[in-house]
Amino acid sequence: MKKRIALAIDADLLTKLEFPEAIKDSVYAFYKSRDFRPVWANDSMLVEKGVKWKELLDFPCALGLPDNRLFQFKTDSLCKTSIIQEFLLTARLAQLQQDLKVGFLDTAVKAYRPITSIDVKSLTRSVKQMDTVKNWGVWFSKMGPSRPEYQVLARALFKYASKKELSNIHFEVPALVEDSLRCLELAEESLIDKGYLDPKKTDDESFWDAMSRFQGDNGLKPDGVIGIYTRKALDESVRYKCHRAILSMERWRWRAPFPERYLWVNIPEYKLRLFYNDSLLSEHRVVVGKPENQTPQLSSRLRAIITLPYWTQPQTIASKEFLPAIQRNSNYAAKNHYKVYRGETEVDPTTINWKRYKEKNFPFRVRQEPGSDNALGLVKFEFNNKYGVYIHDTPSKGFFNKDIRAYSHGCMRCDMPDSLARFILTRDDRQKMTRDSLDTLIARQEHFSIPLRKPIPLQVDYITVVTNEKGALLFFPDVYDRDKEYLKMMKVYPKVN
């Protein structure tokens, strides 16, 4: 076998087999470094190590790569001889290591990255490690970024997707009001297909118990109600969900490591978290933008906390919402504590003929005065960004009790913002304002800006698959359909049942 490997390399066999250039070079260098000794096969068949590696490769989703990413021959008949299987198994390990380390998507051109060569020492080290691996999920996770968010996600995906065929059935569950029988029938089929419901136990109690568990695993209120987002979750195939997890792992590769203290907002989770010294200090529910007013992904630094903020309406909101409202009710501005300005000059809204104006010729600036009914509530968190969004309180507290919290104009409304502000001020270096000062300012209804002595890094992300406290995958609705664009790059499409 050593002689056959040496002869194949001399004859440049892998070029004739159309191996990607970079992987071919890695494979050749690897075998030359080990004096052409085989790893996976003997003269006639795969050895035990080769059989195990081939079995693992049968589930690429579990390893963290899309189904169609690993190098394939155009025809399976080429893979029958032991020497070609030897080369192919090494090539796939080399490619896997590189893709898990640096990623597989090139977002600039909306396509897969070209396959690149890998360090031979790293490849040799992996081959040796495989003899003593006790937990394959942990082993594959360590090929990727060391950050904990990636690690737990990679291990959960391996547990979720390995050693089983992943269903590719996409269900189109209709609304109950459209076709109640078909809705319940397809919902039952989907729960069985996804492993939540035993096909031999489909009584009402088992069905609704399975539905509630399914909703909980998909970031939805476990109430058994088959609403629009429950239907969307039921529609998605298991394979499609796995690819969403793989995309979330890829997104973590795009992120620089977090500092010791930071604020992190994950839009699909509707959560804001404050971390200090890599420990979770505080967690808050948030309301984010509607699909038509999406909250942007961004990086910034929280630089100030403002009590009793003013709200100057963006021109789009003033012309699309304030103008129609005051045209219907001339007392609208006074009732909601709005002041109207032309340039820097305040004007009396009762003296304006509002019917003269339309959205395209609206010349006024509208500002809401501070107070408990102000749209920004009692506390606002400021950070520089080109989108004109911020984190703030809200008088509309009822939205925090919903599972899907996409109702704002793009800003992030924060539950218990005064508590978040106290945590931040207490730990701000040499900060003169204390938590008691904050409470006093709010009690006095005083507009005041508190600059932070040490601004806090802020990251707003869009990661739809995370893990729960038990380390299992937790899928959230792709409320802005941002996953779809990337899944198209990965050539992942729903297959309708």
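When a residue number appears, it is its place in the shown sequence, counting from 1.
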>> A side-chain contact here means heavy atoms from C-beta on lying under 4.5 Å apart; do Met412 and Thr295 qualify?
In response: yes

>> Other residues, nucleotides and ligands only: do more than 12 of their heavy atoms fall within 6.0 Å of NZ on Lys290?
In response: yes

> Can Asp403 and Lys221 be counted as an ion pair, charged N to O under 4.0 angstrom?
Replying inline: no

> With the threshold set at 4.0 Å, does a side-chain nitrogen-carboxylate oxygen contact exist between Arg244 and Glu236?
Replying inline: yes

> Can Arg147 be said to sit on top of Phe258's aromatic six-ring, NZ or CZ under 6.0 Å from centre and within 45° of the ring axis?
Replying inline: yes

>> Tell me whether Lys397 at atom NZ has more than 12 heavy atoms from other residues, nucleotides or ligands lying less than 6.0 Å away.
In response: yes

> Does the side chain of Thr230 reach to within under 4.5 Å of the side chain of Val225, using non-hydrogen atoms?
Replying inline: no

> Are Phe87 and Tyr31 close enough that their ring centres sit under 6.0 Å apart?
Replying inline: yes

>> Counting the benzene-type ring for Trp, do Phe59 and Trp53 have ring centres under 6.0 Å apart?
In response: no

> Any salt bridge between Glu149 and Arg255, counting N to O under 4.0 Å?
Replying inline: no

> When you check the gap from the basic side-chain N to the acidic O, do Asp106 and Arg113 get nearer than 4.0 Å?
Replying inline: no

> Mind checking whether Ser419 and Arg422 have side chains closer than 4.5 Å, heavy atoms only?
Replying inline: yes

>> Checking Lys2 now: which residues fulfil salt bridge (charged side-chain N to carboxylate O under 4.0 Å, His left out) with it, not counting sequence neighbours?
In response: Asp35

> Are Lys24 and Glu21 ion-paired here, with the side-chain N under 4.0 Å from a carboxylate O?
Replying inline: yes

> Which residue pairs satisfy the salt bridge (Lys or Arg N to Asp or Glu O under 4.0 Å) criterion with at least one member in residues 115-136, sequence neighbours excluded?
Replying inline: Lys49-Asp131

>> Listing request: all side-chain hydrogen bond (donor to acceptor under 3.5 Å, both in side chains) pairs with a residue in residues 55-69, at least two apart in sequence or in separate chains.
In response: Asp67-Arg239, Asn68-Tyr112, Arg69-Asp99

> Excluding sequence neighbours, so at least two apart, what forms ring-ring contact (aromatic ring centres under 6.0 Å, His included) with Phe19?
Replying inline: Phe71, Phe73

>> Under 6.0 Å between ring centres: does that hold for Phe475 and Tyr160?
In response: yes

>> With salt bridge (Lys or Arg N to Asp or Glu O under 4.0 Å) as the rule and sequence neighbours excluded, what pairs involving residues 260-273 come up?
In response: Glu269-Arg273, Lys271-Glu283, Arg273-Glu283

> For the residue pair Trp139 and Trp136, does the interplanar ring angle fall in the parallel (under 30°), tilted (30 to 60°) or perpendicular (over 60°) class?
Replying inline: perpendicular

>> Considering only residues two or more places apart or on different chains, which pairs with a residue in residues 200-209 satisfy salt bridge (Lys or Arg N to Asp or Glu O under 4.0 Å)?
In response: Asp209-Arg213

>> Assess the residue pair Glu485 and Lys488 against the criterion (salt bridge (charged side-chain N to carboxylate O under 4.0 Å, His left out)); give the C-alpha distance rounded to whole Å, side-chain angles, the decisive distance to 0.1 Å, and a yes or no.
In response: CA-CA 5 Å; Glu485 177 185 0; Lys488 286 180 181 178; over 6 Å; no

